[in-house]
Protein chains: 2
Amino acid sequence: MDKDFINIYNLIQELSWLFGAHSINGECCGDLSLVEYMALKKIKDSENITIQEIGNALNFTKSGASKIIDRLGNKGYVTREISSVDGRVCCVNTTAKGEEMASEIVHRYSAYVYEMLKEQDAATIENIKAVLEILVNSAHRQENTLNGKYSQGGGRMSIFEMNN
Amino acid sequence: MDKDFINIYNLIQELSWLFGAHSINGECCGDLSLVEYMALKKIKDSENITIQEIGNALNFTKSGASKIIDRLGNKGYVTREISSVDGRVCCVNTTAKGEEMASEIVHRYSAYVYEMLKEQDAATIENIKAVLEILVNSAHRQENTLNGKYSQGGGRMSIFEMNN
DNA sequence: TGTAATAGTTGACACTGGAAACTATAGCCC
DNA sequence: GGGCTATAGTTTCCAGTGTCAACTATTACA
């Protein structure tokens, strides 16, 4: 039983590494790092997201988030506008170019995943999807119970503070 | 059909992020970064591994790998000895402390995974394991077909050079 | 023996993200 | 309205990290 979870942990770790910043994603896509891509994706999926929200979503300080948006802005993938309702907050949105880049990356990697899995039958593909959904949902739930409130540093807990 | 692979890609991406360097692993364990932990794990699993091999396995240059081993050495987790058969190569091995630290990390994260998945029944757990094995194996296979030979820079290909 | 190849190390460098100080706006209370 | 506080974001300084290129040391081979 315990063995199963060790096993699953090791497999997730391995998979994460293979899809993480040091592997195929090392340079995620031309001029985007993995972090920048994740931010771009988040911005694309939310209308008028703020710097702070991006930071919280990706576990960066607002300082770090601001710099990531700088980079994305310099590359022409996002715009930064001052909110019309509150002069302190920035509304970040993707440009057409940013939108296109995000789609391109998804397309490329999906093709990669297709190459990976093309020999699997339809039922297996469905099953893979179902399992990944369980994992992602459980991980999100677990993340939420772990994370406290966010201060500048995004008061996230290390797993090592969990229960000692 | 195509939709399935996009879906799966997005889920893997999400899961990888959640287990990647910027999330719970931000500080993987006290004084180890994710990269250092991956190296430690690799060293633990192979007898007398060389710097170069570590670099290749983790997609680092030999220079980068050398510095990671420096750090692990300074923290007392690994030893570096000159090979008895070839005076140029280093044999890296874990110390007892390193061994213990690696186990501790696995233990901690397995507990985390257990918390994540404790509500799933036994059949689901088995299924999760099976799916992850498929994914990890396919990803490794795919990685090998993508990567060319390793030079200093570990001549890995960006996914964007795949077919254009 | 001398030249080329190979493993590893080192130093200079660029990039990244955090902490803290700072700017600017908003909210509130008198 | 004036003044205090809170909040969003930016900027400066800094430490950590990994690459490149030059270097050392050892081995292989002609």
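Proteins get letters first, then strands, A, B, ... in listed order; numbering begins at 1 in each.
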Whole-Å distance between [N] [atom2] and [X] [atom1]?
X: B/His22; N: C/dT16; atom1: NE2; atom2: P; answer: 11 Å
X: B/Asp86; N: D/dC29; atom1: CG; atom2: P; answer: 12 Å
X: A/Asn56; N: C/dG18; atom1: CG; atom2: P; answer: 12 Å
X: B/Asn74; N: C/dT10; atom1: CG; atom2: P; answer: 11 Å
X: B/Asn59; N: D/dT19; atom1: CG; atom2: P; answer: 9 Å
X: B/Lys62; N: D/dT17; atom1: NZ; atom2: P; answer: 22 Å
X: B/Ile69; N: C/dA7; atom1: CD1; atom2: P; answer: 16 Å
X: B/Met38; N: D/dT17; atom1: CE; atom2: P; answer: 17 Å

Can you find a donor-acceptor pair, distance only, under 3.5 Å between B/Lys67 side chain and D/dT19 base?
-> yes

Determine whether any donor atom in the side chain of A/Ser63 lies under 3.5 Å from an acceptor atom in the base of C/dA19, or the reverse, and answer yes or no.
->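 Yes.
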
Give me the ring orientation class for B/Tyr114 and A/Phe5: parallel if the planes are under 30° apart, tilted from 30 to 60°, perpendicular past 60°.
->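 Rings of B/Tyr114 and A/Phe5: perpendicular, over 60°.
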
Among [options], which nucleotide sits nearest the side chain of [X]?
X: A/Cys90; options: C/dA7, C/dT9, D/dT10; result: D/dT10
X: A/Ser66; options: D/dA8, D/dT10, C/dG8; result: D/dT10
X: A/Val35; options: D/dT10, C/dG17, C/dG8; result: C/dG17

Phosphate OP1/OP2 of D/dG18 contacted by B/Thr61 side-chain N/O (<4.0 Å) =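 Indeed not, no polar side-chain atom of B/Thr61 lies that close.
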
May I ask you to verify if any side-chain N or O of B/Arg88 is less than 4.0 angstrom from the OP1 or OP2 atom of D/dA28?
->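 Answer no for this pair, as no side-chain N or O of B/Arg88 is under 4.0 Å from OP1 or OP2.
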
4.5 Å side-chain heavy-atom contact, A/Ile134 and B/Leu117 =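 Yes, close enough: below the 4.5 Å cut-off.
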
Heavy atoms, side chains only, cut-off 4.5 Å: are B/Tyr77 and B/Asp31 in contact?
->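 Yes; the side chains approach each other to less than 4.5 Å.
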
Among B/Glu99, B/Lys44, B/Glu100, the one residue meeting side-chain hydrogen bond (donor to acceptor under 3.5 Å, both in side chains) with B/Thr94 = B/Glu99

Closest-nucleotide ordering on DNA chain C, the 5'-leading residue of A/Ser83 and A/Arg71 = A/Arg71

Relative to the 5' end of DNA chain C, which residue comes earlier, A/Ser84 or B/Glu53, by the nucleotide with the nearest heavy atom?
->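 The answer here is B/Glu53.
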
With sugar-phosphate meaning primed atoms plus P, OP1 and OP2, does B/Gly64 contact a base, only sugar-phosphate, or nothing at under 4.0 Å between heavy atoms?
->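 Counting heavy atoms under 4.0 Å across all strands, the contact made by B/Gly64 includes a base.
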
Which part of the nucleic acid does B/Thr50 contact within heavy-atom distance under 4.0 Å: base, sugar-phosphate only, or nothing?
->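 Sugar-phosphate, no base atom in range.
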
Step-by-step side chain to side chain donor-acceptor pair (under 3.5 Å) determination, B/Asn127 to B/Thr124 | CA-CA 5 Å; B/Asn127 188 32; B/Thr124 306; over 6 Å; no

